[in-house]
Amino acid sequence: MEDLFGDSIPHDETTDPSTFADVILPVPIPRMFTYRVPRSMEKSIGIGHRVIVQFGRKKVLTGVIGKVHQKPPKDYQTKAILEVLDDQPVVNPLQIKFWFWMAEYYCCQIGEVMNAALPSGLKLSSESKVQLNPKFDPETSEFPIDDREQIILDALEKNAELTYEDCGKLLGIKSSYLIIKSLVIKEAVLVYEQVKEKYVPKVENRIKLKAPYATSKKALEALFEKLSKSTKQEEILLKYLQEVPVFHSPEKNEKGLEKKVITDAGLSPSSLKTLIKKEILEEFKVIVSRFDDLPTDDREIHLADFQQEGLSSIKEQFGQKQTVLLHGITGSGKTEIYIHLIREVLDSGSQVLLLLPEIALTTQIVGRLQKVFGSEMGIYHSKHSDNERVEVWQGVLSGRFSFVVGVRSAIFLPFDSLGMIIIDEEHEPSYKQFDPAPRFQARDAAIMLSWLHQSKTLLGSATPSYESFYNARTQKYGYVHLNKRFGEAQLPEFHIADILVDKKKNLLKLDFTRIMREKIQEALDRQEQILIFQNRRGYAPYMSCEECGWIPDCEHCDVNLTYHQYSEEMRCHYCGFKEKVPRACPACGSHKLTTVGIGTERLEESLSLLFPEARIGRMDLDTTRSKYAYQRIFDEFSSGNLDILVGTQMITKGLDFDRVTVVGIVDADRILYFPDFRSGERAFQQITQVAGRAGRRNRRGNVIVQTRRPDNVVFEKVIQGNYPEFYLTEMAERKRFFYPPFVKNIKITARHKESKIAEKASRHLTNLLKEIAIKKIILGPERALIGKIKNQYLFDIYVKLDKAGNTPAIFKHEMGKIIFDLNTQKEFKSVRFVVDVDPY
DNA sequence: AGCACGCCGACT
DNA sequence: GTCGGCGTGCTC
């Protein structure tokens, strides 16, 4: 054991154990830490248990045991594990394996993976607390106490404990460390670490009717007689009896009634208290689940012939392949197929994980699955609170949830016998985590996880990622194509509207071309609905001076500030910097400041001017921040209370609106001309996806795409629905210029607050990487697309690796050593090298 | 990543 | 003279 300030107390021979545990700690250091396992704990620990250990001088951390062994480390003293938190492991050995794979593959630290994997409710951290030393007597103390120390002691008379921060505040200084240290030496106070478990079970306050009244009708009648004067108490009892049939089913009385039901009905809480005091009602608490049991709908989901064929084909291919790509066009009913597969796997006793992109998770598909799988299904979502996440985690551990629908991070749940992982909308970029580390691609990681479980992976998409389609074509994956639609739904009619032509002819009004306006009007006249897609939220991207062209940019980053109308502010989306809109241009003094570009907020306004009679709604990150906002807007639109819905990505995911006949893409160029090798692939995917929202039943829909470059081939291919041909043209390019999937990409960003140092470090690294003796291409270093973020300068290096064999693994290993070496050189000590494997 | 230690400038 | 700035080294 060590005391607070790090002085080692010699080992006690009698407790010196021979068991050690390697603990994974949430720190970015590339190794585990070996702790001694006290004899008393030897029986209660194992891989996957959470433990509390002291790390460094005083901090205590929660870690997860990754390994238990008998080998005492020779070059350092071990500390003992302070506490074991769980009777049963919260993480299983398979997960530990998975974490290590992820750390290695994505070039990050095991602690970073653990941090991403555990819901924060399972992580604990400590806080230093100060309390009075009971042995301390100011009268007899031999040490003088100064004014500031006295302030702390006085405060501790009133409060049993204070944090370091509290002490700092009391004294009006930032760090109270030295003063507290002095008080500790003077034996006036004690300092200890308090660890708090963050997860709190949900407790419900319930009431039930007490014995004589609940069992004997006579007693109850007598009671009412007695209470006839106090109407309020009578009302409460009547309400209770109405909710709980006490004599009919005594077991319901045992379960009681939620106290809230009474108070919510507007009945007096004080009268309720009186009834409890009189021992007529009894109050008690129970721990309840945050997830309600939902009724299921047992009706068989019938598959159309072509779906049945698809299903059999998937199962057949799983015979030979671990992974199958289900390429099913919009409306082909992939969900029904998933449901059948999930049911089968669950019936065989294995677990199932269904991944969905973030935005799709709030939609109908979840409700539909819930109807089928009821309380067998867990939902793991970012809009869930920490406590809810912990409950899903525990639900998987306990076996309550054998099926989970979740976002990217759901791959970390403690499954022990997965039978299948389904990744819907497999091509979605949101499966890739950018920041912070681990920068993993959940689809790829899921395939690895699946392999560890010896289970199957099904990738579903209407427009597969080129990586997956390539793997299917090269026989690495199985492939099933569904190219029929449910019912008689027809492909929509496309109109490619040339923005520049309309502008010349003065037909472009408030960003809408003539054809777009006409089609909207026609739909409004027929009382049909319209979706307007623009992948940019806010009012307008930025402001500009009409006179001199001045554009406001961020002081700390290399980006323009984004204009937000509602707050009359300009904000930086990278560092959060914000500024009021200036009255005049700071460069030339002109008052002609205008907004440039189109955001959803501005479109909403334009539409209300163009179609004053229409009811218009907006769905984007800004309008759906709260937990149920999405559902509200969604319900309004689907019930027909809105005619036009303007939105970002969100409106394209998993929504089925029968009455939508017109879909407008305001600015296709924004998708098309993004400087990235994937822009073509993305444009095809996004336009197809948006178009798929139009006219899904019997009416043929209209899709209007506004662009300045109507001749781009992508439009032709989207209209034909010719995915394979567009794929082939794009792939020819990728092969020629060495892009994935023909090579493996790694991006390394050097970050430093001085541009010169960041650049020099990145150039150094580039040269050293070039010396690694394997087939590769190294590009850069070059200033990053956004060259400065939060006052840190960024330089990028792109590595293209031959995918053959284990060359990528060798390269990553060598690179790791090189970066480590560079970081030990004084010049580059403070340069951060951020490695992104398979970047987006 | 934190966090403590050490050495330097600008204040009572 | 002290406070607190941040550069540096370490964590089983």
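Note that the coordinates shown come from a computational prediction; the quantities given were computed from them, not determined experimentally. Side-chain atoms are counted along with the backbone in the values below, which use heavy atoms only and exclude waters and symmetry mates. In what follows, chains carry the letters A, B, and so on, assigned in the order in which the sequence lines appear, proteins first and then strands, with residues in each chain numbered from 1.
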Polar atom pairs (N or O), protein with nucleotides 8-12 of chain C, under 3.5 Å:
residue	atom	partner	partner atom	Å
C/dT11	O3'	A/Gly56	N	3.2
C/dC12	OP1	A/Tyr35	OH	3.2
C/dC12	OP2	A/Gly56	N	3.4
C/dC12	OP2	A/Lys79	NZ	2.3
C/dC12	O3'	A/Thr34	O	2.7
C/dC12	O3'	A/Lys79	N	3.0
C/dC12	O2	A/Thr34	N	3.0
C/dC12	O2	A/Tyr76	OH	2.3
C/dC12	N3	A/Tyr76	OH	3.3
C/dC12	N4	A/Arg31	NH1	2.8

Check: Can you find a side-chain donor-acceptor pair between A/Ser762 and A/Glu759 that sits under 3.5 Å?
Finding: no
Check: A/Asp444: what forms a salt bridge (charged side-chain N to carboxylate O under 4.0 Å, His left out) with it, not counting sequence neighbours?
Finding: none
Check: To the nearest angstrom, how far is A/His752 atom NE2 from C/dG7 atom C1'?
Finding: 11 Å
Next item on the list: Show the numbers, then the answer: is there a ring pair (Phe, Tyr, Trp, His ring centres under 6.0 Å) between A/Phe440 and A/Phe412?
Entry: CA-CA 12 Å; A/Phe440 65 102; A/Phe412 294 118; 5.4 Å; yes
Check: In whole angstroms, how far is the P atom of B/dG2 from the CD atom of A/Glu112?
Finding: 11 Å
Next item on the list: Would you please name every residue forming a side-chain contact (heavy atoms from CB on, under 4.5 Å) with A/Glu827, sequence neighbours left out?
Entry: A/Lys760
Margin query: I'd like to know if the side chain of A/Gln441 pairs up with that of A/Tyr840 as donor and acceptor (distance under 3.5 Å, no hydrogens or angles considered).
Written below: yes
